[in-house]
Amino acid sequence: MTSSANVAGDNRIPVNVLTGFLGSGKTTLLKHWLRSPQLANTAVIINELGAVGLDHLLVDNASESLFLLDNGCLCCAVRDDLVQSLKSLYERRANGDVPAFERVVIETTGLADPLPVLQTLMMADGVVEHFRADAVVTCVDGVNGLETLERYPEAQRQVVVADLLLLTKQDLPEAATPALQTRLAELNPMARLLLVSAGQLDPQLLFDGSLGAAEQAVSQLLDDTTVASGHSGRVNSLVLVTMDPIDEIELRTWLEVVTSVHGDRLLRIKGLVQLRGLPQQPMLIHAVQQLVSPPELLAQWPSADTRSRIVLIGEGLDEDDIRRVFRTFTGARLQDLQQAPLALLGLSNLRLMQ
Ligand SMILES: Nc1nc2c(ncn2[C@@H]2O[C@H](COP(=O)(O)OP(=O)(O)OP(=O)(O)O)[C@@H](O)[C@H]2O)c(=O)[nH]1
């Protein structure tokens, strides 16, 4: 089965699950895709870990159908909320409250096991009547991917369930492709594999019938007993929030220090930072394990909130220690968040936002 245009008599709205481990390039791909005319009528659901969702701010979706499911992992205790969200999305579409989208893309958290998400799409009452699971797209980090596959069962399951595997970051000299490709072919020989740089991939692929659909991938995963299941369970996240502007050099130094001190226990940093002397233009920072991306000055803040917000995800991160080191390097006073600052997997509330 392939995209809606090719499924005779099936008028249900196709849903693509976009998954991949932390920092593998999902949002980069999504941003690129949503600029293309083929995906102009696409509703997007972004599921994020951490007490402060940022990805939805960074995706400049031309349509108004962009939703954030934050603070919990779709595959865990909050699965019912995905059902409610899809039902509500469909009702709002029927009532003309949101544009008449023709496709949905769900970007999972980097730690999601995609199987329960797909099972929800395929079986939940109120969902299967209106939506059908289409191709699963999995990003695999071309730099860290091999090691990540060995360390994290989530990453393996994301690969096994894929119809399309995208090996990202091919522009980086650190990209270690051949061994990783061999491993991916072992885990999922059926999936199509493409090499990608900076999210540059034509979304026409979703429509042309060349990909499988999620059903195949799911049955493959259910049959495959060699793939480890579930969450590794050691991962936590925390967020640093401050109203104090931060010196750029101090910020860059802190980034180098925190990534090297915590080594491979630190999986992900992303944040928007208000620099001293530049109140109108936030700096976007990203690190994936020890690879720090060049910080990027954005033209403007994506929302009215101009506080610096930095999300860190890792294994057993000591929040007090990280806050102390951040204060030491930047001098910034950190806020205590109203919501629980440590958003453990699946324990927080899920909500639907526009
Ligand atoms: N050089 C290079 N950098 C990339 C590429 N794809 C993603 N990145 C960078 O990798 C970092 C993480 O990319 P994202 O697209 O945010 O990854 P993600 O999978 O959405 O991350 P999470 O939502 O945290 O799981 C960012 O700094 C991106 O700019 C690529 O193909 N080449």
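Read the numbers this way: they start at 1 and go in the same order the structure lists the ligands and their atoms. Both backbone and side-chain heavy atoms feed into the values below; hydrogens, waters and symmetry mates do not.
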*Electrostatic pair Lys87:Glu91 at N-O distance under 4.0 angstrom*: no

*Hey, is Asp320 close enough to Arg323 for a salt bridge, meaning N to O under 4.0 Å?*
no

*asked:* Considering Gln200, Lys169, His286, Lys26 one by one, which has a heavy atom nearer to atom 6 (N) of ligand 1 than any of the others?
replied: Lys169

*CA sep, side-chain torsions, deciding dist, call: Val127, Leu82, side-chain contact (heavy atoms from CB on, under 4.5 Å)*: CA-CA 10 Å; Val127 172; Leu82 175 61; over 6 Å; no

Kindly confirm or rule out an N or O of [X] lying under 3.5 angstrom from an N or O of ligand 1.
| X | result |
| --- | --- |
| Asp171 | yes |
| Gly23 | yes |
| Ser293 | yes |
| Gly25 | yes |

_Positive for side chain to side chain contact (heavy atoms under 4.5 Å, CB included) with Val140, one of Leu187, Val196, Thr168, Leu180_ = Leu180

Numbering the atoms of ligand 1 from 1, which are under 4.0 Å from a heavy atom of [X]?
| X | value |
| --- | --- |
| Glu107 | 20 (O), 23 (O) |
| Lys270 | 22 (P), 23 (O), 24 (O) |
| Ala198 | 30 (C), 31 (O), 32 (N) |

*Contacts of type side-chain hydrogen bond (donor to acceptor under 3.5 Å, both in side chains), residue Glu150, not counting sequence neighbours*: Arg183

Side chain, backbone, both or neither: which part of [X] has a heavy atom under 4.0 Å from ligand 1?
| X | result |
| --- | --- |
| Thr27 | both |
| Arg268 | side chain |
| Leu172 | side chain |

*Is the Lys NZ or Arg CZ of Arg103 less than 6.0 Å from the centre of Phe207's six-membered ring, within 45° of the axis?*
yes

*asked:* Within the structure, is a non-hydrogen atom of Ser197 found at a distance of less than 4.0 Å from ligand 1?
replied: yes

*Return the orientation label for the Tyr90 and His130 ring planes: parallel under 30°, perpendicular over 60°, tilted otherwise.*
parallel

*So how far is it from Asn144 CG to Tyr152 OH, rounded to the nearest 0.5 Å?*
10.5 Å

